[in-house]
Each structure stands twice: as C-alpha cells, then as structure tokens.
K.L.:
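This is the structure I have questions about; it appears just below.
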There are 2 protein chains.
Amino acid sequence: MKNKPEPPHCESCDSRPKSVFCALAGNEMHDISSNKGSSFYERGQVIFHEGNRINGIYCVNKGKIKIYQTGSEGKEQIIRFAKEGDIIGYRALLSEGPLSASAATLEESIVCFIPKSFVLNIIQNNPNFNFKLLKMLSKELGEAARIITDLAQKPVRERLAESLLLLKNTFELDEEKNIQVKLSREELANIVGTATESVIRLLSEFKKDKLIDIEGRNIKLINIPALTREANIMD
Amino acid sequence: MKNKPEPPHCESCDSRPKSVFCALAGNEMHDISSNKGSSFYERGQVIFHEGNRINGIYCVNKGKIKIYQTGSEGKEQIIRFAKEGDIIGYRALLSEGPLSASAATLEESIVCFIPKSFVLNIIQNNPNFNFKLLKMLSKELGEAARIITDLAQKPVRERLAESLLLLKNTFELDEEKNIQVKLSREELANIVGTATESVIRLLSEFKKDKLIDIEGRNIKLINIPALTREANIMD
DNA sequence: TCAAAAACATGAATTTTATCATATTTTTGT
DNA sequence: ACAAAAATATGATAAAATTCATGTTTTTGA
C-alpha cells in the first residue's frame with residue numbers, strides 16, 4: 001500500500017456522479033476532498049481486515065474489490081464486490097463494531113479514505129445523503145436475502161450460473177461479451193460456496209454446452225438466456 | 001386478519017423502549033399513534049406477501065413473526081424473525097421496490113401499520129431516528145453476511161446447532177431452558193436450509209447426545225456450551 | 001368424538017458434492 | 001530463461017445430504 005503522489009480530487013472524480021456522494025453540497029464535497037487520504041493498491045492486496053476497527057469509510061476511486069469473510073475452516077466466502085464509486089467499510093462505521101468482513105483488490109486500485117468525523121458530520125446535516133445511505137443499505141439487504149435463499153436451496157450448478165450473471169451485472173461485459181473481471185477458479189468457488197474442483201468441472205460443462213467460452217481467467221458469456229435458464233432465476 | 005376493537009397506543013406500548021421509536025419526540029409519537037392501524041393475527045397468518053407493494057411499515061406490538069422468501073422450487077427460506085418492538089417491511093419502503101420477502105405470524109400477534117408518509121416525515125426531520133435506522137440496517141447486514149458464509153461453508157449439523165442458538169438469542173429461553181418459540185420441523189429446516197427429514201434426524205441425534213431435549217415442538221437446550229461447540233462458532 | 005389431514009419419524013436407495021490423488025499447465029520470482 | 005510455486009484439470013473414491021417409501025403419531029375440523 002503505497003501513497004500516490006497526487007491524490008484524486010472528489011470534485012473531479014469520475015466516480016462521484018454514480019456514488020452516494022452525488023448528493024453532497026459543494027462545501028461538503030470540498031471538506032471531504034481536502035481531508036481524505038488516498039492509496040494505491042496492487043492486485044491482491046488487502047485493504048482492511050475482518051475483526052479490525054476502522055475510523056472512517058473507503059471510497060473506490062478506481063479498480064475492483066472483493067469483500068469477503070473467513071469461515072470457521074479458514075475458507076474465504078465472497079460476500080459482495082465493490083467498484084468505482086462504491087463505498088466500503090460503512091457497515092462497521094455505522095454499527096460501531098469491528099469489521100465483519102475483509103476487503104482485497106482484484107486488480108490495481110485507488111481507494112480513498114474518509115475519516116469518520118467527516119462522514120458522521122454529513123450524515124447529521126444532510127438528510128439527502130442520509131436517505132441515499134438508507135436506500136443503499138436497503139438494496140444490499142435485499143440482495144443478501146436473495147443470496148441466502150439461493151445458497152440454501154439451489155444446487156451448485158445453478159449457483160455458478162447465477163454467480164456468472166452476478167459478475168456480468170456488477171462488472172459488465174465488453175463488446176465481445178467477456179466478463180470484465182478476472183477471478184481465479186478458487187475465487188469463483190468462494191462466491192458460489194463450493195469446492196474449487198466443482199467450479200472447474202462445471203465451467204467445463206458450461207463450455208461444452210456452449211453457454212460460455214473460457215480462456216484462462218477470461219469468461220465469455222456466449223448464451224446469456226440459456227445461462228439465465230440454468231440459473232433458474234424467476235424474479 | 002381482523003381489526004381489534006382497541007388499537008394499542010404507542011405512548012403506552014410496552015415494546016416502544018426497545019424499538020427504533022424510542023428516539024421519537026412526544027409530538028412525533030402522538031402523530032404516529034393516532035394515524036396508525038392495528039391488526040390482530042392468528043397463528044400462521046400472512047401479514048404481507050413477497051412481490052406486493054406496501055405503503056408503510058409494520059411494527060410488532062405483540063407476537064412472533066417469521067420473514068421468509070420463496071425459492072424457485074416454491075420452498076420457503078426463513079431469512080429472519082421479528083418480535084415485540086421490531087419493525088418489518090421497512091426494506092421495501094426505503095428501497096421503494098416491491099417486497100422482497102413475506103411475513104407470517106408464528107403465534108397470535110398484534111401488528112401495527114404506520115403509513116409511509118409519517119415514516120418518511122420522521123426520517124426527514126429526526127436525525128436521531130434516522131441514525132437509529134442506519135444502525136439497525138447495518139446490524140442486519142452484518143448478520144446476513146454471517147449467514148451467507150455459514151450456509152456456504154458449514155455442514156447441516158453445524159447449521160442446525162447454530163439455528164437453535166439463534167432462536168435462543170432471538171426469543172430467549174424460559175427458566176427451564178426451553179426455547180420460547182414453537183416451530184415445526186419444516187420451519188426449522190427452512191432456517192437451516194435443508195430437508196425436513198434431515199432436521200428430524202439431527203434433532204434426534206442432538207437429543208441422544210444430551211445436547212437438547214425434545215417434546216413435540218418444545219426444544220430444551222440442556223447443554224449450551226456443547227451446542228455452541230457443535231455449531232463451531234468462533235467470533 | 002372421530003375421521004381426515006398434517007406432522008413426525010425412520011430406513012433404504014439415490015444423488016449431489018467434496019475430498020483425495022495425480023497430472024498438466026500457467027504464473028512468478030530470481 | 002528457468003526452476004519453483006501456484007493454478008488448473010480430471011478421475012476415482014468417499015462423504016454428505018436428499019429423496020422416496022412407508023409407518024406412526026398428533027392435530028384439526030366437521
């Protein structure tokens with residue numbers, strides 16, 4: 001974790017319009033911008049670690065991040081992802097407890113750190129921001145509930161299909177339908193909640209069935225409707 | 001769902017001190033109290049149904065409630081519980097989408113309904129209430145993450161032990177260590193995320209191993225430390 | 001109160017999934 | 001560039017869990 005020479009400015013941050021901070025007033029923005037820190041992370045570096053305490057929140061300026069918990073056997077379970085414009089670590093800040101999850105980069109990333117006092121100040125004084133936060137938490141809670149139901153009820157094959165679609169929705173596809181994030185088979189297994197070998201086998205099956213194409217860690221979704229059917233998604 | 005002759009008053013509600021509404025000012029309280037509705041539900045009745053839209057939130061005055069989703073095969077997955085003083089349905093209200101889960105009573109209950117406009121009004125004007133909401137959502141989000149990890153990684157036996165401890169923490173034990181909520185084996189299975197037969201078998205094993213005692217739907221936790229070990233809980 | 005329905009229980013068979021063993025390929029660090 | 005390490009791949013086996021079948025008990029409603 002090296003400090004970059006030139007920290008990005010919130011005012012000119014590409015991610016801001018997409019983030020919860022879009023609701024900030026000019027002076028609030030400036031306040032944060034001049035008090036935040038900013039760090040560059042290599043691929044695979046840990047930003048924060050479960051059980052620790054942090055005094056602020058992180059905002060992703062650039063890059064892709066996984067948020068994960070460590071299970072009782074030491075196995076990692078990926079809970080969700082964060083990308084440009086997303087904030088992470090707010091759950092621990094709001095609940096005032098230790099971090100319930102860790103965060104690590106999936107590629108080179110720049111992440112800003114906003115001290116607690118500034119965040120709380122905005123929460124206290126900007127009902128608009130406040131409401132945006134509530135909405136964001138609500139959305140995540142809904143997503144978490146759906147994940148719980150799927151983990152409890154769907155077989156591994158369906159869950160893998162669904163995870164691929166989740167990655168598509170989170171990180172988008174490029175013009176050739178490649179998922180715009182590179183994960184190891186083990187990381188995929190840690191989303192799906194299964195063994196690495198099972199993911200490897202099922203990915204091969206999906207490829208054989210012409211649902212996807214694989215080249216190393218690059219996954220191309222060549223038949224999304226069929227994949228959606230595999231995932232058995234209703235909604 | 002019959003309307004009771006005398007709706008409870010928020011001002012004298014036993015549940016209020018434990019609820020998010022403890023932060024309300026006198027006039028806010030009165031405002032809600034005189035504009036809420038109140039319904040009595042028999043055991044097993046549905047309060048609201050997944051996919052529908054509601055224009056307000058529910059507050060449990062008395063009783064015990066399960067919040068559940070229906071999976072793609074029609075199987076119910078219990079996401080969480082609510083008891084006296086808890087509010088339910090706020091996720092849908094805040095995210096402004098349809099309900100992502102259903103709610104049904106586990107015993108005779110009285111549930112109040114507070115129209116959306118009054119809730120939003122308080123959210124807009126009472127930062128204290130607002131912050132309490134944020135905290136509540138954060139706490140739930142942390143719990144959901146832990147459930148996800150457990151479902152993904154722990155075997156059924158551990159998850160059942162853990163579910164029994166969850167019920168203990170949520171509904172307490174009486175002086176004889178009986179869990180203060182009566183669930184069917186199927187409902188237990190729908191928390192654990194397993195087949196009803198598996199729950200039946202494992203409960204018998206737990207009984208044989210002197211971890212619990214069973215009489216119908218009554219479960220007595222006679223060896224909580226051992227049960228905690230079974231659940232393989234770290235924290 | 002009694003018959004029907006629902007819930008509970010248990011064994012056997014089957015399916016799903018994980019684990020283990022062992023190559024092969026790819027990546028990484030020097 | 002090359003050796004070591006990590007990741008990917010695949011088959012065989014084992015374990016875990018579900019499903020099915022069937023019987024018993026409990027609850028429910030007329």
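Every value quoted in this text rests on a predicted model; they were computed, and no experiment measured them. Reminder, nothing fancy here: chain letters follow the sequence lines and each chain counts from 1.
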K.L.:
Is there side-chain contact between A/L106 and A/K182, with at least one heavy-atom pair below 4.5 Å?
P.N.:
no
K.L.:
Send over the distance from B/K154 NZ to D/dA15 P, rounded to a whole Å.
P.N.:
23 Å
K.L.:
Distance-only, no hydrogens or angles: does the B/Q69 side chain make a donor-acceptor pair with backbone N or O of B/S100 under 3.5 Å?
P.N.:
yes
K.L.:
So, are B/E50 and A/R146 salt-bridged, with charged N and O less than 4.0 Å apart?
P.N.:
yes
K.L.:
Measure the spacing between OG1 of B/T105 and OH of B/Y41 and express it to the nearest 0.5 Å.
P.N.:
8.5 Å
K.L.:
For residues 77-85 of chain B, tabulate all N or O donor-acceptor pairs below 3.5 Å that involve a side-chain atom, not counting sequence neighbours.
P.N.:
unit_1	atom_1	unit_2	atom_2	d
B/Q77	NE2	B/N190	O	3.1
B/Q77	NE2	B/I191	O	3.2
B/R80	NE	B/E140	OE1	3.4
B/K83	NZ	B/T170	O	3.0

K.L.:
Report the distance from atom CD of A/E215 to atom P of C/dT26, rounded to the nearest whole Å.
P.N.:
11 Å
K.L.:
Starting from the first five and the last five pairs of the helix from C/dT1-D/dA30 to C/dT30-D/dA1, work out the angle between the resulting helix axes, to 10 degrees.
P.N.:
60°
K.L.:
Roughly, in whole Å, what's the span from CG in B/N190 to P in D/dT18?
P.N.:
12 Å
K.L.:
Produce a footprint string for nucleotides 2-13 of chain C: one letter per nucleotide, 5' end first; B if the base is under 4.0 Å from any protein heavy atom, S if only the sugar-phosphate is, - if neither.
P.N.:
-----SSBBBB-
K.L.:
What is the per-nucleotide protein-contact pattern of nucleotides 24-30 of chain D, from the 5' end, where B denotes a base atom under 4.0 Å from a protein heavy atom, S denotes such proximity for sugar-phosphate atoms only, and - denotes neither?
P.N.:
-------
K.L.:
Measure from CG on A/N218 to P on C/dT27 and round the result to the nearest Å.
P.N.:
12 Å
K.L.:
Please set out all donor-acceptor pairs under 3.5 angstrom arising from side-chain atoms of residues 194-212 of chain A, sequence neighbours excluded.
P.N.:
unit_1	atom_1	unit_2	atom_2	d
A/S204	OG	A/I200	O	3.0
A/E205	OE1	A/R157	NH1	2.5
A/D209	OD2	A/R157	NH2	3.3

K.L.:
Check whether any side-chain nitrogen or oxygen of B/S198 sits under 4.0 Å from OP1 or OP2 of D/dA17, and answer yes or no.
P.N.:
no
K.L.:
Quick one about B/N178 and B/E215 (side-chain donor to acceptor, distance below 3.5 Å, no hydrogens or angles considered), yes or no?
P.N.:
no
K.L.:
Whole Å only: how far is the CD atom of B/Q153 from the C1' atom of C/dT19?
P.N.:
16 Å
K.L.:
Within a strict 4.5 Å, meaning less than it, do heavy atoms of the B/E42 and B/E108 side chains meet?
P.N.:
yes
K.L.:
Determine whether a donor-acceptor pair (N or O, by modelled atom type, separation under 3.5 Å) exists between the side chain of B/S109 and the backbone of B/V111.
P.N.:
no
K.L.:
Taking side-chain hydrogen bond (donor to acceptor under 3.5 Å, both in side chains) as the definition, give me every residue that meets it alongside B/K154, ordered by chain and number, with sequence neighbours left out.
P.N.:
B/E162
K.L.:
What is the distance from NZ of A/K182 to P of C/dT26, rounded to the nearest Å?
P.N.:
17 Å
K.L.:
Tell me, do A/N61 and A/C13 make a side-chain contact under 4.5 Å, heavy atoms counted?
P.N.:
yes
